[in-house]
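Structure, as structure tokens:
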Amino acid sequence: MKRAIFPGSFDPITLGHYDIIERGVTLFDEIIVAIGVNASKKYMFSLEERMQFIREAFKDEPKIKVVSYEGLTVDFCKEINVEFILRGLRNPADFEFEKAIAHTNRDLAPIETVFLLTAAKTSYIASSIVRDVIKNNGDYTKLVPNSVRVVK
Ligand code: ADP
């Protein structure tokens with residue numbers, strides 16, 4: 001069985017992430033969306049909210065699981081016996097950043113990183129932009145799955 005983890009902050013999940021996960025499901029038997037917990041980082045949404053947004057978005061897709069983890073992604077992969085890391089690429093900046101991480105991960109463990117190119121229609125979407133829109137009371141609903149709703 002081919003399983004991949006899709007690690008990230010998902011603060012919150014966007015239609016860009018959603019697209020990568022939906023397409024990843026055609027390549028793998030199981031996708032584990034793994035929210036990395038970094039104690040020194042400030043998030044807009046709590047871990048529970050971020051997990052719930054993703055669970056709700058994929059509630060009809062049994063091949064997608066949602067978990068959280070601490071520490072190195074490769075250590076978590078070994079712990080749950082996963083051989084692939086799935087990541088999305090939007091632009092050259094993503095590529096440079098992801099390349100360094102993927103090479104480092106390969107030095108640390110025999111785990112392959114598989115990249116999917118963003119869909120053209122979601123290529124501009126980033127969680128940081130969604131957070132800015134939310135903070136400034138803009139209409140963020142076009143950028144995220146329906147499960148992401150802000151209660152004020
Ligand atoms: P991180 O904290 O690792 O940057 P993110 O939640 O921002 O976590 O992103 C997780 C993954 O999703 C990364 O591989 C990132 O490149 C990818 N991603 C984010 N937005 C998009 C998008 N619009 N299209 C494709 N991939 C995306």
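Counting starts at 1 for both ligands and their atoms, following the listed order. Treat the numbers as computed from the prediction; the structure is a model and nothing was measured.
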I'd like to know if Leu86 and Leu27 are part of one continuous hydrophobic network [Ile/Leu/Val/Met/Phe/Trp/Tyr, side-chain heavy atoms within less than 4.5 Å]. yes
Subset of ligand 1 atoms that lie under 4.0 Å from at least one heavy atom of Phe10: 6 (O)
Which of the numbered atoms in ligand 1 are below 4.0 angstrom from a heavy atom of Asp94? 16 (O)
Between ligand 1 and Pro7, can you find any atom pair, the residue atom being a heavy atom, that is separated by under 4.0 Å? yes
Under 3.5 Å: N/O of Ser127 near N/O of ligand 1: no
Any nitrogen or oxygen of Ile125 lying under 3.5 Å from a nitrogen or oxygen in ligand 1? Just yes or no. yes
Classify the side-chain pair Ser40/Asn38 by whether it contains a donor and acceptor separated by less than 3.5 Å. yes
So does [X] pair up with [Y], basic N to acidic O under 4.0 Å?
| X | Y | value |
| --- | --- | --- |
| Glu98 | Arg87 | yes |
| Arg3 | Glu83 | no |
| Arg106 | Glu112 | yes |

Could you find the nearest protein heavy atom to [atom] and give me its residue, atom name and distance?
| atom | value |
| --- | --- |
| atom 2 (O) of ligand 1 | Ser9 OG, 2.6 Å |
| atom 16 (O) of ligand 1 | Gly88 O, 2.7 Å |
| atom 24 (N) of ligand 1 | Thr118 OG1, 3.0 Å |

Exercise: identify the closest heavy-atom pair between Ala119 and Arg23: N-NH1, 3.7 Å
CD1 of Ile64 to CZ of Phe58: how many Å apart, nearest 0.5 Å? 4.5 Å
Considering Arg90, His17, Arg23, Arg87 one by one, which has a heavy atom nearer to atom 9 (O) of ligand 1 than any of the others? His17
Ligand 1 contact on Ala119 by region, counting heavy-atom pairs under 4.0 Å: neither
Heavy-atom distances under 4.0 Å are what count here, so tell me which part of Phe6 touches ligand 1: side chain, backbone, both or neither. side chain
Phe10/Phe53 aromatic ring centres below 6.0 Å: no
